[in-house]
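None of the values given here were measured: they were computed from a predicted structure. All values below were derived from every heavy atom in this structure, side-chain atoms included, with hydrogens, water molecules and symmetry-related copies excluded.
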Amino acid sequence: MMGYSHAISGAMAASVVAAFQPALIAPNPQTYTMSCLLAAGAAVMADADHPNARAAKTFGPVVNVIGVVSGGHRHGTHTIWAAGLVAAACWGASLWTLQVAGVTIFPVGFLVVFIAMGLGLAALTGLKRWIVLSVAAVVAAGAAVLVPDPLWLTVVVGGGYSVHLLGDILTTKGVAVFRPLPPTIRVPLLGDAGSMREAVLVALMIGVWAVLTFTLIVPGM
């Protein structure tokens, strides 16, 4: 799937969780909006192994290191082990807190949110790098204070990352999610990345996200 498709799938997944599991993602404007933005960003994090991905270029030389360590595109970062590592990192980041002027702050959570937001904004908007990083920093600063609990960040970011793997499984190339163990799993319902079928799916996901957002948020505003 293309970067923007992954990002939209992450946002839609967050809206579905908020609708059916409000204990995990509270359907209030503040938490819901933050969750959709973060899930969209997390859903493109796996493509940090691709040096030509627009989202990956946002973070410069770091991408080359990730690509080499992971073994290239759709290798190490596209596995359930990587998804589990990201989820565990989110849980750990949320457990470390500081008290500043009576406010609980999640310092490592800031870094997690900053990366996810930066990747998501780059994939969806194509804005200049400095704008993407500035907006990501502002949102991350808010999340460092507003993160509801460790489970929330784990569900949103870990879930968004996992949705990426599912999206790539639906393409022709598929993904070896248990790498280095075989097989490559592919259910090519979407054909090649960027196909017309993918465009149709993206339109449907946007529709689902819009309906759920209207249903969850508008009545409470």
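- A perpendicular orientation is assigned to the rings of His78 and His164, their planes being inclined by more than 60° (bins at 30° and 60°).
- In the hydrophobic cluster analysis, where Ile, Leu, Val, Met, Phe, Trp and Tyr join through side-chain heavy atoms closer than 4.5 angstrom, Val187 is grouped apart from Leu204.
- In this structure a side-chain-to-backbone donor-acceptor pair under 3.5 Å is missing from Thr33 to Gln30.
- Rounding to the nearest 0.5 angstrom, the gap separating the CD1 atom in Ile169 from the CE atom in Met1 is 12.0 Å.
- With hydrogens and angles disregarded, a donor-acceptor distance shorter than 3.5 Å links the side chain of Glu198 to the backbone of Gly194.
- For the atom pair Thr154 OG1 and Leu24 CG, the distance stands at 10.5 Å (nearest 0.5 Å).
- Other residues sharing a hydrophobic cluster with Leu166 under the 4.5 Å side-chain heavy-atom criterion for ILVMFWY residues do not exist; the residue is a singleton.
- Going from atom CD1 of Ile25 over to atom CG of Leu38 covers 9.5 Å, rounded to the nearest 0.5 Å.
- Contact check for Tyr4 versus Val44: no side-chain heavy atoms found under the 4.5 Å cut-off.
- Put simply, the side chain of Arg197 gets close to the backbone of Leu189: a donor and an acceptor are under 3.5 Å apart.
- For Asp168 and Thr171, the side-chain atoms include no donor-acceptor pair closer than 3.5 Å.
- In this structure, Val177 and Trp81 have side chains that are not in contact, with every pair of non-hydrogen atoms separated by 4.5 Å or more.
- Taking CE from Met2 and CG from Asp47, the interatomic distance works out to 9.5 Å, rounded to the nearest 0.5 Å.
- Residues Val163 and Leu37 fall into different hydrophobic clusters, defined by Ile, Leu, Val, Met, Phe, Trp and Tyr side chains chained together at heavy-atom separations under 4.5 Å.
- In this structure, Tyr161 and Thr77 have side chains that are in contact, with non-hydrogen atoms separated by less than 4.5 Å.
- The structure places OG1 of Thr215 at 6.0 Å from CG of Leu212, a figure rounded to the nearest 0.5 Å.
- Under a 3.5 Å cut-off, the side chain of Arg179 and the backbone N or O of Gly76 do not form any donor-acceptor pair.
- Listed for the Ser195 side chain is a donor-acceptor partner under 3.5 Å among the backbone atoms of Leu190.
- Looking at heavy atoms from C-beta onward, Ile217 lies in side-chain contact with Tyr32 at the 4.5 angstrom threshold.
- Taking the side chain as every heavy atom from C-beta outward, Val16 and Trp209 never approach each other to under 4.5 Å.
- With values rounded to the nearest 0.5 angstrom, Ser5 atom OG is found 9.0 Å from Ile206 atom CD1.
- Between Val157 and Val112, the closest side-chain pair of non-hydrogen atoms falls below 4.5 Å.
- Panel note: side chain Thr172, backbone Gly191; a donor-acceptor pair is recorded below 3.5 Å.
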